[in-house]
Structure formats: C-alpha cells, structure tokens
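Structure, as structure tokens:
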Number of protein chains: 2
Amino acid sequence: MGEVSRGQLARELGVSPASVTTQTSELIEQGYLTEVPLVPGAEPLRGRPPVALRVAAGAHAVAGVKFSMRKHVAVALDFAGNQIAEACEPARDRAPPGDQIEVLARLIGSVCAEAGIGPGDLAQVGIGVPGFVDHASGRVHWSPVFGARDVDLAQAASARLGLPVIVDNDANLAALAELWFGSGRTLSDFAVVTLEHGLGMGLVLNHRVFRGALGLGVELGHTKVELDGALCRCGQRGCLEAYVADYALAREAHVALDLAGGSVGGADLVERLYAEAKAGNAVAQSIFRRAGRYLALGLANVINVFDPELLILSGERMRYDYLHAQETIAEVGGSVLPARATPPRIEVHAWGDLLGAHGAGALALGAVTDRRIGGPFEGAAA
Amino acid sequence: MGEVSRGQLARELGVSPASVTTQTSELIEQGYLTEVPLVPGAEPLRGRPPVALRVAAGAHAVAGVKFSMRKHVAVALDFAGNQIAEACEPARDRAPPGDQIEVLARLIGSVCAEAGIGPGDLAQVGIGVPGFVDHASGRVHWSPVFGARDVDLAQAASARLGLPVIVDNDANLAALAELWFGSGRTLSDFAVVTLEHGLGMGLVLNHRVFRGALGLGVELGHTKVELDGALCRCGQRGCLEAYVADYALAREAHVALDLAGGSVGGADLVERLYAEAKAGNAVAQSIFRRAGRYLALGLANVINVFDPELLILSGERMRYDYLHAQETIAEVGGSVLPARATPPRIEVHAWGDLLGAHGAGALALGAVTDRRIGGPFEGAAA
C-alpha cells in the first residue's frame, strides 16, 4: 500500500514499461492512482521527472465487519487500506438473523460517523462470519453467530444498508488480511489457522485465497482426527475442532473445575480453566496440554498436505499459551515428513477480531477494484 | 490428444484467432503440429480450407517407467501420447539403487526394441517411484523400492542411460495420467488417492499437479488420524497409511490367520486374507471393513480441505472391494461438510501400474515440450 515506481512495477509484474505506462495513466485519469515524488532509492524511468505511484486513498471508502461469538468489530478503510474508523459491539449468542442485520447497520453507522462520512459514501461492505459460508452466493449455510440456518446474508444486508455487500468465512478473511497487510505480503503459499470459538483455516495458494472447487473452502476444523471420536458441534464425531475449540475445553472444564455447568457460559468457563491452569492446577493444565497436542496433530496434517512456506496461528484463543507452547510446536515438527530439510515456519499472531475486520475490509476493497477497474482481483466474488 | 481447429483453440484459450495462427504456424514449422482435414462439426476460420491441427505423433518418443513393490512397468509413448510399447519386470524388495538402475536400463531396452527404435532415439525418460520424492531435484529421499535413503535417481539414471531423466512421486503421476488421458481431462480440480503398498495422493489444482511450496507435495498417507496411534513404516504414529496400507492389513492378518509370520511376504499375506474374507471369514472381513472405514475418514478429510470436483480412487489395492464398498463411500458422505449441496463424486479406477507408467510418460512429454518449445508446461521440472 506504499509507493512504487513504474519501472519497479514493470519488473515485478513481468510486463513492458510501455504497458505499465498505458495502464497506469488510465488509472490516474480515473482517480485510483496518484503520482507522488519518487522515494529515494527508486530509479527514474525513461528520463521522466522522478515520480512514483500511490493508490489514491480518497478514491473510495469501504467497511469491513467481523461477526464472532464474543463481539462484533467493524472498521472503515480508505482506498489505500488505511483504517479510518473502528467500532465494536458485544455479541449476543445465536441471535436471529434480523437482529444481527440491525447490529450490522449500527456498526456501519458508527464507523461512518467516526470517519465523517455517510453510509451512502461507502463503496462496499465486506462481512466475515465463522461457520460454513458460500462466498460466491453470499449465503451462510451455518454459523454459530446466527440463530438460524441457511441465511442469505449478502442479500439481506445489502437490502437493509442499500450498499453492495460481500461475505466470506472469517478464517479466509484472516488469510486475506495477512496477504494484504501482514506476514503473507511476500509469500505465495501460506496457511492461517484460526482458533476462536471454533477452529478455522484460510489458505493462500499462488497469492490467492484458495476456496476449493465448490467454493466451500478449507474446513480444517472438521477433518477427522479420531474414528468415532468426540462429538463435534457439527453433529459428526472425531472432528479436530471437537478437541481444541472453546467448547471442547469447556466440556472437560466442567469435570476439572467440578462445576455443575449450565449457569457458566462457555467462554467464561474456559477463562476460569485458564486461570486455574496458570495457578498450578495440574488437571486444568492437562486439558490445555491435550488440546495443544491435538492442535499440533492438526497443524502437522496441514503441513503434510499443503506444504506451505509459513503457517500462522491466529485468533483470540492463541492467548492460551499452552496451545502453542514450545512442546506443541516441537510436536508439529515430529509429525511432519521426516524428509523435510527444514522444519516448517510457524508464527503466532494473537491479533483477534480487528484482524478479521481488516480482512473483511480487504475483501470489500477487492470487490470495488474488481467492479470499477475490471479483471479478477483477489477477494472479489467468483 | 485429438484434432482441434484453430478457431476452437482460440476460444478455449481465450486468445485471438490471429495469435493462434501465429503461434501454431511456428509449431508446424518445427514439426510439432500437423494439419489434418477438418473433422465434421468443426467450423472453418477465415475462409481457409477447412483443416484441424493435430500433435505430430512422430516428432518425439519418450519412455515412462513406474517402480513399485510388486513389479516395474515401462511404456514408450509417441509425441501424441499414444503407447507404442510396453514392458515389465517383477520387483525385488528393497534392491540396492544400482540394481534398480540396471532394471531401468533393461526396461528401456525392451520398450525400445518393441517400438523399433534405439534408446538414443528417446527424447526423455520419466520415472515414478512411491515414497518421498523431490521432483525438482530428482532426488528420492525415501522409497520402499530402494534399499537406501536419499538416492539421486535422476542423476544416476541419466548417467546410465545417457538420456535426460525426470522423476516424480507415483501418486503425482497417477494424477498426471488422469489429467492427460483420463477422467481429469475436463476438470480443473481433482484428487487421486492411490492405494498400493502405501497410500498416496496426487492433487490437481487449476489444471496443474500441486506440489506445495517446498516441492514435497501432498502426503495424505502420513496425515495423522489418531493421536499416538498405530506405528507407521515412516516411524511416526497414527498415520492414515498405518491403518489402510498393505502392511497395516498384514499386521492384523497375522492374528486373523493365526500365522507365525516371517515366512509369508506382505503382499501374499494380504492376498490370503482377502481370499479368507471372500470365503466368509468374519474376522478377515472385519480387518478390511475397519481399513475401509479409515480410508473413508481419510477421503472425507481430503474433501473437507480440498473440496475437489472429483475424487478418484486408484491403484492395485482397489481390487479389494471391501475398501470401496457402498458403506465406505456412504461413510465418506457422512463425514464431509453437512453444508455441501451435493455429495462428492467418487470414482474407483483399479488401473494399477500401467496408469503410473503412462503418467511417467506424460511427465516426460511435458519436459520435452517445455525444453523444446519453451514456457512452463504441466509436468516439467520447476
């Protein structure tokens, strides 16, 4: 999102300088790019005055919203991807879709007010939700944040806001945020595993978010790690998520903390379990340790099948250091191909919901670019 | 590998008819394409005499060789991918690499004799081996067919044969064969799971074999399906392969058949187990049934993370119908995302070693095309 000279652009894209000049002059005319004085170190092209190109930050504004089980976070971004406003609201469990649409409208109102623009000034809204999301159609087959199945979220949100809306799975958006703003900017292939209320994965292959042939994407959380194993909230047995997610920890926490359950919510219960473990409760520690070992198993499986350059662990629950302790990371190394010359690179980014909101914003920026400038652009609907 | 008109080519590639005319006239000059009378139904382009283009079958010949634990199979292919000769030799377990290079030389000699050409007439040799293969460097980190680790197969074979040699994992070559000659010709994303002595997977994404960032590819057989589970021949525990491969069945067959073991080889033991199961031995049936359930779990995991258009089950062991019985396929359906609108398409191709040899031949053809015509071509070394 910085400056780049035309010469550098030509080299990086592998096209002729003349082609860059033609293409960029159109984008400058349309107001998407501006010329700025060349930064030191960049070289002039063809004896012109030394200038670089920069995305015109004011060309458009978009909003990105991430729904989660704890809170809903919205950001407004300018066309260069800079955050110009932020808002959040605590989550209400499994609210009816209509209520969540009203939450969305309030969040959009808040970020617009903070950014000093009207909602009608937004070029696009991007939304990220956990669960099974059909990005192409904008439908949410199932999500823990909705009290209903098969919600036509893009259509309903668009009708309420009077704005174009694009929707994706939150783990895909975490990957998109890393691709646009984070560690993934210089990589062609990487994976982001998100651990929040559930376990998700976003995968970037050849600089693009991989969504699979049917657009359902990568459901790491529901890969099976034990035949006839623990019951998952998806209704199936032995899913990885059923061993590492909040609700998996909560299930054992009831035993460990000798609680009757029911009155204590899942998230609070896990917080108490974590406090107990930190205070030296060996049973509480064993629960996190076991979840960490299953997480390691799942991460090793990701590395064995996708062989990414980098694996990023992301999400709110990465605060629980037991889950990514040295032993866990070492266990990943012991479960991947012995033939690998180098152990896989693993980074922990406990960035939480703001990252997801930025990913939703990047999705919106991609859709705007795609629509206004044409051509496939990462993050745009299929 | 059939005929195609220039107009159809332009439409399928999304380029201009003029560009097709320019490019193909070069290829005709170089002898890689020939003009043939237009097939009925195809349309003329720009009023020229109605002709179609066909790959010039005689432009080059290549050989493809597949090494496996049971036998080694070689084919010679013409430049259009037609088989012009075939040869095979029984395998000897874990032979020293030098002996296997001699086997290779004999197989190449046999197919050349049958094709009526000299080995020096081959433009390229492709080799497929099971195990951990670094396609880019041509090194075999580990393979059950070699009695040594870290074999520089491409270099050693090339030195012995005096021909360029390219090497890949046998499951990648099964996928390449399906892409060039089989069910994958019209698909952009599909997976081939091979079950022979071990369990392998080849994955085609966007019409190309996916090899991962580090070139080690997709190691489905060593994804973990149970924490601290059954011992795998890779030395790790809980690998899918350790529940479904020959040696996994053989381990339980010793118990079921009340055999002391040692004197009966792995493959024969599994054949006897299969005969027992077919004859009504309930214990023998339960061994296959359990392996089938684990295979179903592994296939569901493939579908959950890659979301392919088609999943092909391939390899010698697919003869064991218990492994792909209706219940197994149904079990896959019950372990994938409930959100999928349609159950995944699964096909069983018990094609065996000849398919792998054709894949090795396709790899060789890709390398020739890449070297002689330029530009990245599927199957060529990175």
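Every value quoted in this text rests on a predicted model; they were computed, and no experiment measured them. Sequence lines set the chain letters: A, B, ... in the order given, protein chains first and strands last, and positions in each chain run from 1.
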**Message:** What I want to find out is whether B/Asp307 reaches A/Arg211 closely enough, with some N-O distance under 4.0 Å, to be called a salt bridge.
**Reply:**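 No.
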**Asked** Relative to chain B, which of A/Leu227, A/Asp189, A/Leu297, A/Asn206 shows the most heavy atom pairs under 4.5 Å?
**Response**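 Most heavy-atom pairs under 4.5 Å with chain B: A/Leu227.
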**Asked** Which atoms of A/Leu187 come close to chain B, meaning under 4.5 Å heavy atom to heavy atom: side chain ones, backbone ones, both, or neither?
**Response**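 It is neither, since no heavy atom gets under 4.5 Å.
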**Message:** I'd like to verify something: which residue of B/Asp228, B/Leu203, B/Leu240 has the highest number of heavy-atom pairs under 4.5 Å with chain A?
**Reply:**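 Looking at each of B/Asp228, B/Leu203, B/Leu240 in turn, B/Asp228 comes out on top.
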**Asked** Which atoms of B/Leu205 come close to chain A, meaning under 4.5 Å heavy atom to heavy atom: side chain ones, backbone ones, both, or neither?
**Response**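 Just its side chain gets close to chain A.
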**Request:** Assign the ring pair A/Phe306 / B/Phe306 to parallel, tilted or perpendicular, where the plane angle (0 to 90°) is split at 30° and 60°.
**Result:**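 A/Phe306 and B/Phe306: tilted rings.
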**Request:** Kindly say whether B/His222 contributes a backbone atom to a donor-acceptor pair with the side chain of A/Asn304 at under 3.5 angstrom?
**Result:**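 Yes, A/Asn304 side chain to B/His222 backbone: donor-acceptor pair under 3.5 Å.
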**Asked** Are B/Val225 and A/Lys224 close enough, and set up right, to give a side-chain contact (heavy atoms from CB on, under 4.5 Å), and what steps lead you there?
**Response** CA-CA 7 Å; B/Val225 295; A/Lys224 307 298 177 286; over 6 Å; no
**Asked** What is the minimum heavy-atom distance between B/Thr223 and A/Asn301, and which atoms define it?
**Response**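 Smallest interatomic distance, heavy atoms only, reads CA-OD1, 3.1 Å.
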